[in-house]
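What follows is a set of notes on a single structure, which appears directly below.
Not measured: the values here are computed from a predicted model. Worth knowing before you read on, the calculation uses all heavy atoms, side chains too, and leaves out hydrogens, waters and symmetry mates.
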Amino acid sequence: MKKEERKQSLVHQLTKLFVVIVLLPILLFSTIIYYLMHESYQEEQCASFETILTQYADSVNAQLGQYRSVLESLRNHQNVVELLQLDNAIKATADTGFSGLGSLYSLEDVYSGSLYQCSLYSIALPTDYEYSCHMAEKKQWYQESVARQRIGVWIPSRTEGQKKDVLYMTLPIYTKSNNFSDRKISGILRLELFSESLFRAFYPKELGKKMHCLVVDDLGETVFRNSNDTDKIFEEFDSAQMQNIRTVKENQYYFGKKLKEENLYMLCCVDLPGFGNWDIIRMLFVCLLGIAMLFIFFMVIHRYMKGIAGRMSILNEKMNKLERLDFSEGAQIEGNDEFAQISSTFDRMAKHIEQLLQQNYQQKIEIQEAQISALYFQINPHFLYNSLESISSLAQEEGSERAAQMTQQLGKMFRYSTYETEDGMVQVSEEISYVNAYVDIQNIRFENKFRVFYEMSPEVMNEKIVKFSLQPVIENAIRHAFVDREKGMIAVSGFLEKDCIRIVVRDDGCGMSEEQVANLTKNLNYGHKTEAKHGIGLANVHRRLQLTYGEKFGITIKSVVGKGTEITLRYQRQER
């Protein structure tokens, strides 16, 4: 059960790794591609809409220009001029509203259902006639045209019944005269067009209901709108922006253009479509194909991951068996890949460990046997102590006090040397006692040549230090400091510091030069093995102190030629 859980756990982790490394980047990349395709598609749509709307504006421009041309031609037409000069003819046709104006010039050629009416007003008619200039001057459209200086400009208005929007233009007709200042108005020509018919005549069918169109004049008055909510769509644009708008907002394309008829502006808004049906089908097909490929790829990877998990499980079982010291052969991993190589290396390592354990076990048995054998031949220290005591008693009986004293001190030193402590530490007082025995023996040999003084604080005597660490320093002073002198003095002082015990050994011997001190200091750090040939030396003590307490503890040496040497031993205080 645990094996299966480990496999599933590893497969789960590898699956998550696959999702993070493969699936998420693919989804992110697909999203970016879709966004770029959508942006490109929108740009293509906007370019297509701009072409269509430009053609639409140009067509309206051409139609308005043609109407203006017709009106200009009518104003200068010979029949119209003559008609205004014949009172009887004018009276005869006044009641009909000059409905025959269309036959004077081919208005039918430009007629597209947008023509409302073309009216002629004459100055020659009586003031009470409807089509007299006097009556025209009372009309609101004429007064607005004059007041706003809109003569010869397209102006939005309503039909007389206020049912439909119209666009009209008025032009004055002047009497002919060679002198420009003598010309007088003989009539007024007025052309009215249905705005709805005019602007819908060229309406782009391919845009249909997707387009909102608004036409306004330079005063902001609406000329044409194709829906009731069109004004709200364009309310954020002012007249300065209407001349050239090419922008996209909230999936809508805004197009603005100033018509060649200078005071008119056309604004169009087209809803940008999403992908077409074929584009959606194609994208869905690509997505489904991609999902199928990812699924196949995922299944292949999942199967491969399960294989890896199985191999990892075999390696894990091998490690568990080794942890239990079970060296029996388990399942093997076939193949030549890294897992098979690791498995083979692990098996060889396990066999090697088994051999080492067997060798170690055999060695322990042999050592124990050797120790048991050595016990049979071990000399009893008490026998040696008793023998030395007997020699001392015999020396006293025979009158050899010096031999008896030396034997007693030697017995103390031997007893101190043979007893062992658990941690290799002794009290300072015990080490001092051992040093005294050594000094007494040397004084017996050399007839009291050496004197040793102690300046030890009471609390230091109970501290513990490394065994056999002080006597080699005293021995070094006795052997080298007083070679050429009859007498010598050694002072031993000890005191406590914050975290250490400091013991200083000073002698008044011959001393050493700076070069000798440097060589000896170097020997402390690097040459203790060579000095060990002659016994336990300073280097040996220094090395033992550093191994026991650390690098900042040990021996330091100071010396002056002819004055003596000072050796300082620093021990770490033991916690109590």
Side-chain angles (χ1 to χ4, degrees), residues 49-71 107 110-119 140-141 144-145 148 150-171 190-247 249 252-271:
F49 291 156
E50 183 174 352
T51 301
I52 295 172
L53 295 174
T54 301
Q55 292 176 354
Y56 174 49
D58 291 343
S59 298
V60 173
N61 263 324
Q63 186 72 0
L64 288 173
Q66 194 170 359
Y67 276 123
R68 177 186 283 276
S69 298
V70 170
L71 202 59
L107 278 173
V110 296
Y111 177 69
S112 59
S114 59
L115 179 64
Y116 173 42
Q117 63 182 4
C118 183
S119 304
Q140 183 178 358
W141 59 265
E144 288 181 356
S145 299
R148 295 160 60 186
R150 312 298 282 176
I151 301 297
V153 176
W154 292 107
I155 301 174
S157 183
R158 285 283 211 171
T159 59
E160 291 183 0
Q162 300 293 315
K163 294 180 179 180
K164 292 185 178 181
D165 293 322
V166 295
L167 190 64
Y168 70 92
M169 178 185 289
T170 58
L171 291 176
R190 184 169 185 260
L191 179 65
E192 295 175 276
L193 305 173
F194 286 118
S195 298
E196 182 78 14
S197 299
L198 173 66
F199 289 99
R200 285 196 181 275
F202 307 98
Y203 202 82
K205 296 179 181 179
E206 57 267 41
L207 298 182
K209 295 181 179 180
K210 294 186 296 183
M211 185 179 85
H212 301 275
C213 183
L214 177 68
V215 181
V216 296
D217 65 0
D218 54 352
L219 297 178
E221 295 184 6
T222 300
V223 176
F224 166 76
R225 65 171 67 83
N226 68 338
S227 62
N228 294 328
D229 57 348
T230 301
D231 291 327
K232 292 183 179 179
I233 296 176
F234 299 102
E235 63 183 0
E236 61 179 292
F237 298 101
D238 54 28
S239 58
Q241 297 175 305
M242 294 177 183
Q243 297 188 27
N244 188 17
I245 299 173
R246 306 289 189 276
T247 185
K249 291 183 179 181
Q252 289 182 317
Y253 175 66
Y254 290 84
F255 172 87
K257 186 176 180 64
K258 183 178 181 181
L259 301 180
K260 290 182 180 178
E261 297 298 325
E262 296 179 357
N263 66 316
L264 297 181
Y265 300 90
M266 177 182 289
L267 299 174
C268 298
C269 173
V270 184
D271 297 331

Inset, instruction - Check side-chain hydrogen bond (donor to acceptor under 3.5 Å, both in side chains) between Ser59 and all other residues, then give those that pass, not counting sequence neighbours. - result: none
Legend entry - From Leu214 atom CG to Thr222 atom OG1, the distance as rounded to the nearest 0.5 Å: 5.5 Å
Legend entry - Reported CZ-to-CE distance for the pair Phe49 and Met211, which is rounded to 0.5 angstrom: 10.5 Å
Legend entry - Side-chain heavy atoms of Pro156 within contact of Asp217, under 4.5 Å: yes
Inset, instruction - To the nearest 0.5 Å, tell me how far Tyr254 OH sits from His212 NE2. - result: 8.5 Å
Inset, instruction - I would like to know whether Leu64 and Leu264 meet side-chain contact (heavy atoms from CB on, under 4.5 Å); could you show each step before the answer? - result: CA-CA 11 Å; Leu64 288 173; Leu264 297 181; 3.7 Å; yes
Inset, instruction - Mind checking the OG1-CD spacing from Thr247 to Gln252? Nearest 0.5 Å is all I need. - result: 11.0 Å
Legend entry - Side-chain touch Trp154/Leu191, heavy atoms, less than 4.5 angstrom: yes
Legend entry - Nearest atoms (heavy-atom pairs only) where Glu196 meets Arg225: OE1-O, 4.2 Å
Legend entry - Step-by-step side-chain contact (heavy atoms from CB on, under 4.5 Å) determination, Tyr56 to Val60: CA-CA 6 Å; Tyr56 174 49; Val60 173; 3.9 Å; yes
Inset, instruction - Rounded to the nearest 0.5 Å, what's the gap from NZ on Lys257 to CG on Leu267? Could you check? - result: 12.5 Å
Inset, instruction - Tell me, with the steps shown, if Phe224 and Leu198 meet side-chain contact (heavy atoms from CB on, under 4.5 Å). - result: CA-CA 9 Å; Phe224 166 76; Leu198 173 66; over 6 Å; no
Inset, instruction - Take Leu53 and Leu207, measure what side-chain contact (heavy atoms from CB on, under 4.5 Å) needs, and give me the verdict at the end. - result: CA-CA 10 Å; Leu53 295 174; Leu207 298 182; 3.8 Å; yes
Inset, instruction - Please check if the side chain of Arg200 supplies one atom and the backbone of Ser195 the other of a donor-acceptor pair under 3.5 Å. - result: no
Inset, instruction - Would you give the length of the straight line joining atom CG of Leu167 to atom OG of Ser197, rounded to the nearest 0.5 angstrom? - result: 12.0 Å
Inset, instruction - Report yes if the side chains of Asp58 and Phe202 come closer than 4.5 Å at any heavy-atom pair, otherwise no. - result: no
Inset, instruction - Find out whether Met169 and Arg68 are in side-chain contact, i.e. whether some heavy atom of one side chain is under 4.5 Å from a heavy atom of the other. - result: yes
Legend entry - Heavy-atom side-chain proximity of Phe194 to Val166 below 4.5 angstrom: yes
